[in-house]
Undergrad: 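The structure that follows is given in the form of structure tokens.
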Amino acid sequence: MVERLARLDIRRVEDLLFHLPAQYQDRSRIVPIGALRPGEAVTIQGEILLTEIKYGRRRMLLSRLSDGTGAITLRFFNFSRMQQQNLAAGAWLRCFGEVRKGPATLEMVHPEYQHVDSGAPLPGGGHLTPIYPATEGLRQLTLRGLVSQALDLLQDTASPSGLAELLPEDVLRRYAMPPLAEAVAYLHRPPLDADVRALREGRHPMQKRLVFEELLAHQLSLRLLRRRKQRQTAPPLDAPGRLREALLAQLPFALTGAQQRVIAELCADMARDTPMQRLVQGDVGSGKTLVAAAAVLQAVESGFQAAIMAPTELLAEQHHVNFRAWFDPLGIEVAWLAGKAKGRARRTALEAIGDGRARVVVGTHALFQDEVEFAAPGLVVVDEQHRFGVHQRLALREKGRQEGRFPHQLIMTATPIPRTLMMSAYADLDSSVIDELPPGRRPVTTVVVSERRRDDVLQRVRHACGEGRQAYWVCTLIEESDTLQCQAAEETARLLAEALPGLSVALVHGRLRAEEKARVMTAFKAGEIDLLVATTVIEVGVDVPNASLMIIENAERLGLAQLHQLRGRVGRGSARSTCVLMYRPPLSQRGRERLAALRETNDGFEIARRDLELRGPGEVLGTRQAGALQFRVADVLRDQALLPHVAETARWLMAHHPGLAKPLVRRWLGQRTRYTAV
Ligand code: ADP
Ligand code: MG
């Protein structure tokens, strides 16, 4: 039993009380069988006319129940001989279940039932009957019994199992919320006249009371984490900024206002002796890499090292190329460390990192392997953080810890994150937004085309490349297997090369060796390749301004944010760019809406919002991030309107009742606070 309860995450009396019903049923009223309609969950009562065993594909027991107004079939697939006898003709039953349309008549499949003399009292005890999310081997009746006991303990104010009210009177009054114990009791035993619809949709004030407290607990746990980090020390990186000036002087363009502002925010943070924890978000192409470079130079000029961690080898390689181009002229050594770096190259890199010759290190998660030792870590940059989990982010930070001091941390997102999620998933971080694109960018025109019109699409490719521009052809296969995905891309590349004689077609995918990938990307950047066939490995970070056409196959399979990110690979130069979203018909209504959203807007913030609405936080944040967003009663999407109030309350509590934070966190997060301890 304990084990089964644990499967539902129920370990303490409180957990049981927070295990809220998924539905409620009114069992107080007996509905005439003649008035039943399919889809309703109702209580009926009548006399059994006939019970028989039928042999269809499965053996089953069918009973005919009548109350004079009509008759209904009860259908049981698993039954005992005893049950069969109990359901003999002439017995009076009260049944509860959902009415369905059967092959011949209305029916109930496996109803809950009890024998009655027609005068027996109605079940339900004057309140709606709760239906709990259950698990195998744990029946409704058992759960209902356990919850009942827990509720009785709750009434007994002397009992230590009672739900102590943790929210101060002020907060309850301000948001007109009932005490927790009252809300909990209501939700397990709502009165018969409760607003069932509101309960079902999760917008009942009693539910909101619990949701509020749970969201608050999550906020507080992040704030506690943040406060702990703020007590740590970091090396102040307060050089005057000469290297940054030197870098900017060598660029053919000026920083945008937004880039300048964000760089100033970063430098102000890093100049302090507490570790920076800042998230920088900006739309695709807003120039986040350069902002990161400025922060890196700040560390270097202050005498420290900076590490840049990217989620894929390809992206890390791109950063490496960029940083080399920017930093070589400044005489700053950039090392490279990825999983696939081996042998001498790897040893040399490790040495340079260890003795401090390499001031900047670019790599993948290989950066936090054991052998890697930094001489003077000052700054850690995590790019495209949605690919990493909280743990990895914190692990790299731990790696950079030296003599009790922590490195500053700059976290960059690939695409904008809706405000809602920012407030819930990243409350431990400061945030900066690059809300401006470099001048002269032309919005990418997006078209949605059936794959039946592949020939037209090929014609577009011929045309663009004929004018000296370049194109991407992105293969997306839903197959989990990397190998299959790469094989499919190889096949596509072969077919395209055949169909487009005279064009130079190349292929890049995740299974190529790093040098091979780098070679292809360099050739593409140099304009030696017309059409680059790729898997979604190019999703992040690739930057080739002369590429002005992108074809995405099976676009309907990808999330909006991912498509937007891919599309951001074009429209980086001065030429008018196009993104062709190719779909395999038939396209569902929802699929149509999603692709239309991309056609309608180029604004990453707007797209992120729609993606969140269409696919939920898991898809927007990446599953790893969303893991931190698993709630018992709250739902960030449904309850987003509460978030600003919750955030404000969290701030207020930390200031006025700091002692309440821990008990609230313990109550709601229990053992799940592990990551906050890292
Ligand atoms: P993202 O924010 O998507 O990571 P990148 O950092 O890759 O964007 O920058 C996209 C392109 O814009 C790069 O070619 C970069 O050199 C260029 N860029 C960055 N800042 C500016 C600017 N202020 N003016 C013009 N081009 C810029
Ligand atoms: Mg980038």
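One-based numbering, in listed order, for ligands and for the atoms of each. Given the structure is predicted, the values throughout are model-derived calculations rather than measurements. Quick note: numbers below take in every heavy atom, side chains included, and nothing from hydrogens, waters or symmetry partners.
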Undergrad: Report yes or no: does a heavy atom of Gly282 sit under 4.0 Å from some atom of ligand 1?
TA: no
Undergrad: Between Pro545 and ligand 1, which part of the residue brings a heavy atom under 4.0 Å of the ligand: side chain, backbone, both or neither?
TA: neither
Undergrad: Do any nitrogen or oxygen atoms of Leu255 come within less than 3.5 Å of a nitrogen or oxygen of ligand 1?
TA: no
Undergrad: State whether the side chain of Gln305 and the backbone N or O of Val361 hold a donor-acceptor pair below 3.5 Å, judged by distance alone.
TA: no
Undergrad: Give the atom numbers and elements of ligand 1 that come within less than 4.0 Å of a heavy atom of Ser286.
TA: 2 (O), 8 (O)
Undergrad: Give the atoms of ligand 1, by number and element, whose distance to some non-hydrogen atom of Val284 is under 4.0 Å.
TA: 3 (O)
Undergrad: What are the two closest non-hydrogen atoms of Val570 and Thr578, and how far apart are they?
TA: CG2-O, 4.2 Å
Undergrad: Identify the heavy atoms of Val533 and Ala489 that sit nearest to each other, and give their distance.
TA: CG1-O, 3.9 Å
Undergrad: Going by salt bridge (Lys or Arg N to Asp or Glu O under 4.0 Å), name the residues that satisfy it together with Arg357, two or more places apart in sequence or in a different chain.
TA: Asp355
Undergrad: Could you say whether the N/O atoms of Trp326 and ligand 1 ever approach to under 3.5 Å?
TA: no
Undergrad: Which atoms of ligand 1 sit under 4.0 Å from any heavy atom of Thr289?
TA: 4 (O), 5 (P), 6 (O), 7 (O)
Undergrad: Nearest heavy atom to atom 7 (O) of ligand 1 wins, so pick from Lys288, Arg572, Gln260.
TA: Arg572
Undergrad: Between ligand 1 and Gly287, is the shortest N or O to N or O distance under 3.5 Å?
TA: yes
Undergrad: Below a 4.0 angstrom heavy-atom separation, can you tell me which part of Arg441, side chain or backbone, both or neither, approaches ligand 1?
TA: side chain
Undergrad: If you apply the rule salt bridge (Lys or Arg N to Asp or Glu O under 4.0 Å), what do you find for Glu265 with Arg261, and how did you get there?
TA: CA-CA 6 Å; Glu265 285 166 357; Arg261 177 174 45 76; 3.7 Å; yes
Undergrad: Could you list the residues that satisfy side chain to side chain donor-acceptor pair (under 3.5 Å) with Glu333, not counting sequence neighbours?
TA: none
Undergrad: Please list, in number order, the atoms of ligand 1 under 4.0 Å from a heavy atom of Thr256.
TA: 23 (N)
Undergrad: Is there a heavy atom in His319 that sits closer than 4.0 Å to ligand 1?
TA: no
Undergrad: Which of the atoms of ligand 1 are close to Ala254, meaning less than 4.0 Å from one of its heavy atoms?
TA: 22 (C), 23 (N), 24 (N)
Undergrad: Under 4.0 Å from a heavy atom of Asp283: give me the atoms of ligand 1 that qualify, with their elements.
TA: 2 (O)
Undergrad: Indicate whether any N or O donor in one side chain lies under 3.5 Å from an N or O acceptor in the other, for Ser432 and Arg278.
TA: yes
